[in-house]
Student: 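Below is the structure I would like to discuss, written out as C-alpha cells.
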Amino acid sequence: MQLRFSTGGKAATTLNVDVTHFIIAGWAGRDKEAVLHHICELEALGVPAPGAVPLFYRVAVNQLSQQSQLEVVGEQTSGEAEPFVFSHRGELWVSLTSDHTDRHLETFSVALSKQACIKPVASAAWRMSDVTEHWDVLELSSWIKEQGKWVIYQQGTLASLLTPQDLLARYFNGGVAEEGVAMSCGTLGAIGGIRPSSEFRMALHDPVLNRTLEHAYTTGALPVVA
C-alpha cells in the first residue's frame with residue numbers, strides 16, 4: 001500500500017511510502033491505571049480484557065487510506081486518534097491515524113474488528129528525530145460531531161503512552177523496524193466513553209516547534225444484510 005506524505009517546513013518534500021507491514025499496538029499506555037481505565041471502558045461494551053499488555057495486532061496494509069470519505073458496515077463504529085510511525089529510507093517518521101473500529105464485532109474478536117474498518121491516515125509527516133527529545137509533550141486530540149456540533153473526544157499528551165521506539169523494540173524482540181513497517185502506537189481514553197460517530201477529527205500538536213498534524217474524515221454506513 002503506497003501512502004504519500006508532505007514533510008512541510010523550509011525543506012518541504014513529498015514522501016512516497018510503500019507500507020508492507022502494518023501493526024496496531026493495543027493497551028500501549030505507560031500508566032497502568034490509564035491502561036486499566038481503557039480496558040474497563042471497553043469491557044463495558046462487552047470487549048474481553050487482553051491476555052497481555054501491550055498487545056500487537058497485524059492488520060492488512062490495504063486497510064490504510066488517506067481519503068476523507070469512507071464507508072463502514074452498520075452504525076456501531078468509532079475512531080481513535082493514534083500516532084502513526086513508519087520506517088522509510090533508513091529513518092522513522094511520525095504521522096497520525098485513527099484506529100477506526102467496529103465496536104459490535106469487537107465484542108467477539110478484537111483482531112477481526114481491527115480488520116473490518118479502514119484506518120484513516122493524515123497526509124503530512126514529521127521526522128522522528130525532530131521530536132524524539134520532546135515526544136512526551138506532544139498533544140494528541142480528537143473530536144466527534146454530536147447533534148451537529150464538534151465535541152472533544154480525546155485529549156492528552158503522549159507522556160501517557162509507551163514510546164514508538166519501545167513498542168517497536170518489543171514487537172521486533174529488540175530488532176530494528178525494517179523499510180515499509182508502520183505502527184499505530186496506542187491511544188488515549190475517550191472523554192465521556194466510547195461511542196459511535198460518523199464524523200471524526202484528530203490532531204497531533206507539537207508545542208515546541210509550533211506545528212500540527214491534522215486529519216478529518218466521515219464514514220457512510222452501509223446496511224447490515226443478513
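In this text the structure is predicted, and so the values were computed from the model without any measurement. The analysis underlying the following values was restricted to heavy atoms, covering all of them including side chains, and did not include hydrogens, waters or symmetry mates.
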Student: Quick check: does any side chain N or O of E91 sit under 3.5 Å from a backbone N or O of M128, one acting as donor and the other as acceptor?
Tutor: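 The answer is no, because no donor-acceptor pair under 3.5 Å joins these two groups.
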
Student: So, taking the atom named CG in L92 and the one named OG1 in T132, what distance separates them when rounded to the nearest 0.5 Å?
Tutor: 8.0 Å

Student: Take atom CD of Q2 as the centre, draw a 6.0 Å sphere, and report whether it contains more than 12 heavy atoms from other residues, nucleotides or ligands.
Tutor: yes

Student: Sort out for me which residue in E178, R58, M183, E179 forms a side-chain contact (heavy atoms from CB on, under 4.5 Å) with H21.
Tutor: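 It is R58; the other options fail the test.
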
Student: Side chains of L15 and T7: does their closest heavy-atom pair fall under 4.5 Å?
Tutor: yes

Student: Can you check whether R127's main-chain N or O pairs, donor with acceptor, with S129's side chain at less than 3.5 Å?
Tutor: no

Student: Just say parallel, tilted or perpendicular for the rings of F86 and F84, cut-offs at 30° and 60°.
Tutor: tilted

Student: Out of curiosity, L161 CG to L140 CG, how far, rounded to the nearest 0.5 Å?
Tutor: 7.5 Å

Student: Mind checking the NZ-OG1 spacing from K119 to T97? Nearest 0.5 Å is all I need.
Tutor: 8.0 Å

Student: If you take all heavy atoms of P223 and V73, which pair is closest and at what distance?
Tutor: O-CG1, 4.2 Å

Student: Any side-chain donor paired with an acceptor under 3.5 Å for S141 and H205?
Tutor: no

Student: Assess the residue pair Y153 and I191 against the criterion (side chain to side chain contact (heavy atoms under 4.5 Å, CB included)); give the C-alpha distance rounded to whole Å, side-chain angles, the decisive distance to 0.1 Å, and a yes or no.
Tutor: CA-CA 5 Å; Y153 187 63; I191 299 169; 5.9 Å; no

Student: Without swapping roles, check the side chain of E106 against the backbone of S113 for a donor-acceptor pair under 3.5 Å.
Tutor: no

Student: Hey, are Q66 and S123 close enough side-chain-wise for a donor-acceptor pair under 3.5 Å?
Tutor: no

Student: For the atom pair CD1 (I194) and CD1 (I144), what is the distance rounded to the nearest 0.5 Å?
Tutor: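 Answer rounded to 0.5 Å: 11.0 Å.
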
Student: Check this for me: E75, atom CD, are more than 12 non-hydrogen atoms of other residues, nucleotides or ligands nearer than 6.0 Å?
Tutor: no

Student: Donor-acceptor pair, distance only, cut-off 3.5 Å: does the side chain of Q154 make one with the backbone of A81?
Tutor: yes

Student: Quick one: does any side-chain atom of S98 pair with a main-chain N or O of E80 as donor and acceptor, under 3.5 Å?
Tutor: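 Side chain of S98 to backbone of E80: a pair is present.
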
Student: I need the S109 OG to L105 CG distance, nearest 0.5 Å.
Tutor: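 Rounded to the nearest 0.5 Å, the OG-CG separation comes to 6.5 Å.
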
Student: Restricting to salt bridge (Lys or Arg N to Asp or Glu O under 4.0 Å), what partner residues turn up for R201, sequence neighbours left out?
Tutor: none

Student: Compare all side-chain heavy atoms of V208 with those of V137 and state whether any distance is below 4.5 angstrom.
Tutor: yes

Student: Measure the acute angle between the ring planes of Y217 and F200, then classify it against the limits of 30° and 60° as parallel, tilted or perpendicular.
Tutor: tilted

Student: Near R195 CZ, under 6.0 Å, is it more than 12 heavy atoms from other residues, nucleotides or ligands?
Tutor: yes

Student: Just by distance, with hydrogens left out, do R103 and S78 show a side-chain donor and acceptor under 3.5 Å apart?
Tutor: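 Present: a donor and an acceptor within the cut-off.
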
Student: Measure from the side-chain N and O atoms of Q69 to the backbone N and O of T218, and report whether any donor-acceptor pair falls under 3.5 Å.
Tutor: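 Judged by distance alone, no pair lies under 3.5 Å.
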
Student: Given side chains that start at C-beta, do those of D99 and K114 come closer than 4.5 Å, heavy atoms only?
Tutor: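 With C-beta onward as the side chain, the pair touches.
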
Student: Kindly compute the distance separating CD1 (I118) from OG1 (T77), expressed to the nearest 0.5 Å.
Tutor: 11.0 Å

